[in-house]
Amino acid sequence: MKENNTDNDNLPKRPSNFIRDIIDNDLETRKYEGRVQTRFPPEPNGYLHIGHAKSICLNFGLAQSYNGKCNLRFDDTNPTKEEEEYVNSIKEDVRWLGFSWGEKEFYASDYFEQLYEWAEQLITQGQAYVDDLTAEQIREYRGTLTAPGISSPYRDRSVEENLDLFRRMRAGEFPDGSRVLRAKIDMASGNINMRDPVMYRVLHARHHRTGDKWNIYPMYDWAHGQSDSVEKITHSICTLEFEDHRPLYEWFVNALGIYAPQQIEFARLNLTYTVMSKRKFLILVNEKHVAGWDDPRMPTISGMRRRGYTPEAIRNFCDRIGIAKRDSLVDVAMLEHAVREDLNKTAPRYMAVLKPLKVVITNYPEGQVEELDAVNNPEDPGQGIRKVPFSRELYIEQDDFREDAPKKYFRLAPGQEVRLRYAYYITCHNIVKDSTGNIVEVHCTYDPLTRGGDSPDGRKVKGTIHWVSAAHAVQAEVRQYDRLFNVSDLDAMEGDFRDYLNPDSLEIISDCKLEPNLADVKAGDRMQFERLGYFCVDKDSTSEKLVFNRTVALRDSWAKIEKNMNGN
RNA sequence: UGGGGCGUCGCCAAGCGGAAAGGCACAGGGUUUUGGUCCCUGCAUACGGAGGUUCGAAUCCUCCCGCCCCAGCCA
């Protein structure tokens, strides 16, 4: 029996941040009767990415630790860009990340009628008017950053005329773009959002949920705060660029006299070597720089899922980068660390040779096969052991043999003894080359007394390399990914972001040799290929042709040493 | 030259007037049948700058500098 175990003890510990401070304070002052209600409000116009994950973890995480709720709400106020396909993928991604949002999801479009009524209320209160100016004229009348705007000639229409016009807008009497409903606030405000913002536009477009019911659609500013209000949100968390909208957010709920949530802004996530905008993703996909939204090189949730990332790793990453208001550019190494950390504990290990070099054990009996024991996961004894076949002809990694070994090279080289993991010590005594001088085969002898990888005489070998029995090897394709861009701070670069695409972001290796235990693997399975990295089975994989994605390589201190030896 | 924000180690980020957490990265060492993991150690006399208040300031005040966002009938 556990003692003194409150609910909060079981909840994930998360670092403090300014939003938690605000909530703690609100709880203390009973600002919202002790409630915490957040929401994650994606627009269904694209796939979620790691930046959204930050927001998801924040909003759902806050709800969890304060015993509150977090609504999933689709901000579907622009039917020209939104599709059901996206709402489905968003739901899938949020769920996959490990969060749930109760019995139903919310939609801004569910509030269209209420929003409409509130708009009539504002008109009646003399705080909104129908404007006949064209989009271009509205822009001109709005003024500039330094010059105040000027009033529209339609600004002082009577309540009756406004009501009539607005009802006819709804009824579909006017063509797209002909009229808008605007809030009557302050054309001279230093905050441009307050210069009579547009609340409704005429749009004869079919909405993915309301169909053809509406001929007018609310703008973000008019919809968002009121949706929060309807849902009794306590803390409406959004990104920094909406900071300027907060006065408007508050103006609307105050003018309406309805429940007032509070908007809090935090800095969005930026990652090194990565772009993070749906617009740019769309270009990458449409121009075929990547294979799709779920290309494993994409920072989309679906791309990362396909790449082999775990929800746990992404959540840990999000907890660790913190929440603040300063613009930041998080090192992608932080993300990679988070996956390695999780996969190290969970991923079963296998041996796989990606770039094979044939090794013949000349003193090993022809035709003999031994089944050797291999540990499935040294970090988790519970995962047990497996058998791996060993025979006279093997494959090892090309990188694990050097004819002229540099200093500190502990792998196979002429005259140098190494351990074959879980098998035997071997020593190279002969190299076979083809007519052009390429090494095609390496001949070694083994020490039968070192079976399993230990020598009775206690003799040490510095290197241990992985291998696969040639006769038993399973063939596979392995896709290795590198960063999509070759500069760390894309936003700081001049010119188009496509100029910085890394041409080597995808390497397909087609003749990999895998230990036979990998033959029955299924799409989505994650594992470590010993000494190489973490991999997962791609959805393209079939029993005839296995396909793996490299999620992330293992840390490679030998690569670092060698790089330093070569003077960087 | 308008309005709104932000500036703490290479990158994130705690700190909320009492003598600069943590993570990543990096460097060195130990353990090791993954050059993986793990374990040690090091890594800001300093908090954009300059003044001021105070016994005491990254934390309060003033001025200055730098960076980001805003002129969609996008969100």
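Here is how names work: the chains are called A, B, and so on, in the same order as the sequence lines, proteins then strands, and each is numbered from 1. In this text the structure is predicted, and so the values were computed from the model without any measurement.
Nucleic acid contact for A:P378: base, since at least one base atom lies under 4.0 Å from a heavy atom of the residue. Contacts of A:E243 with the nucleic acid, taken as non-hydrogen atoms under 4.0 Å apart, involve only primed sugar atoms and P, OP1 or OP2. Counting any heavy atom pair closer than 4.0 Å across all strands shown, A:Y409 reaches a base atom. In this structure, A:L420 reaches neither bases nor backbone, as no heavy-atom distance under 4.0 Å exists between it and the strands shown.
The nearest whole Å value for the distance from the CE atom in A:M351 to the P atom in B:G36 is 18 Å. In this structure, the CG atom of A:N376 is 14 Å from the C1' atom of B:U34, given to the nearest Å. Across the protein-nucleic acid pair, A:F317 atom CZ and B:A13 atom P stand 11 Å apart, rounded to whole Å. Between A:L554 atom CG and B:U34 atom P the separation is 11 Å, expressed in whole Å. Atom C1' of nucleotide B:G36 and atom CG of A:D342 are separated by 16 Å, given to the nearest angstrom.
Ion pairing between A:E371 and A:R386 fails under the 4.0 Å rule for side-chain N and carboxylate O. Salt bridge annotation for A:D327-A:R268: absent, with no cationic side-chain nitrogen under 4.0 angstrom from a carboxylate oxygen. Ion pairing of A:E231 with A:R39 is absent here, as no side-chain N (NZ or NE/NH1/NH2) approaches a carboxylate O to less than 4.0 Å. At a threshold of 4.0 Å, the pair A:R139-A:E136 does not count as salt-bridged, since none of the basic side-chain nitrogens sits closer than that to a carboxylate oxygen.
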List the steps and the verdict of side chain to side chain contact (heavy atoms under 4.5 Å, CB included) for A:K387 and A:L372. CA-CA 5 Å; A:K387 298 288 186 187; A:L372 301 172; over 6 Å; no
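The six-membered or imidazole ring of A:H207 lies near that of A:F112, with a centre-to-centre distance under 6.0 Å. Within the 6.0 Å centre-distance limit, the rings of A:F74 and A:Y107 are counted as a close aromatic pair. A centroid separation of less than 6.0 Å is found between the aromatic rings of A:W558 and A:Y409.
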Check nucleotides 15-20 of chain B for protein N or O atoms closer than 3.5 Å to its own N or O atoms and list the pairs.
unit_1	atom_1	unit_2	atom_2	d
B:G15	OP1	A:S16	OG	2.8
B:C16	N4	A:D21	OD2	2.7

Reading nucleotides 22-32 of chain B from 5' to 3' and marking B where a protein heavy atom lies under 4.0 Å of the base, S where only the sugar-phosphate is that close, and - otherwise, the string is -BS-SS-----
For nucleotides 64-75 of chain B, read 5' to 3', which letter fits each nucleotide if B means a protein heavy atom sits under 4.0 Å from the base, S means only the sugar-phosphate is that close, and - means neither? ----SBBBSBSB
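When each of A:Q528 and A:N344 is assigned the nucleotide of RNA chain B with its nearest heavy atom, A:Q528 is the one assigned upstream, toward the 5' end.
Checking B:G66 for Watson-Crick or G-U wobble geometry (two distances, each under 3.5 Å) identifies B:C6 as its partner. Nucleotide B:C38 forms a pair with B:G30, judged by Watson-Crick or G-U wobble geometry with both contacts under 3.5 Å.
Scored by the ring pair (Phe, Tyr, Trp, His ring centres under 6.0 Å) test, A:Y425 finds no partners at all (sequence neighbours excluded). With sequence neighbours excluded, the residues satisfying side-chain hydrogen bond (donor to acceptor under 3.5 Å, both in side chains) with A:Y116 are A:E120. The ring pair (Phe, Tyr, Trp, His ring centres under 6.0 Å) test applied to A:H245 returns A:F242, not counting sequence neighbours.
Base orientation of B:G72: syn, since the glycosidic angle falls within 90° of 0.
Checking A:R419 against A:T464 by side-chain atom types alone, a donor-acceptor pair falls below 3.5 Å.
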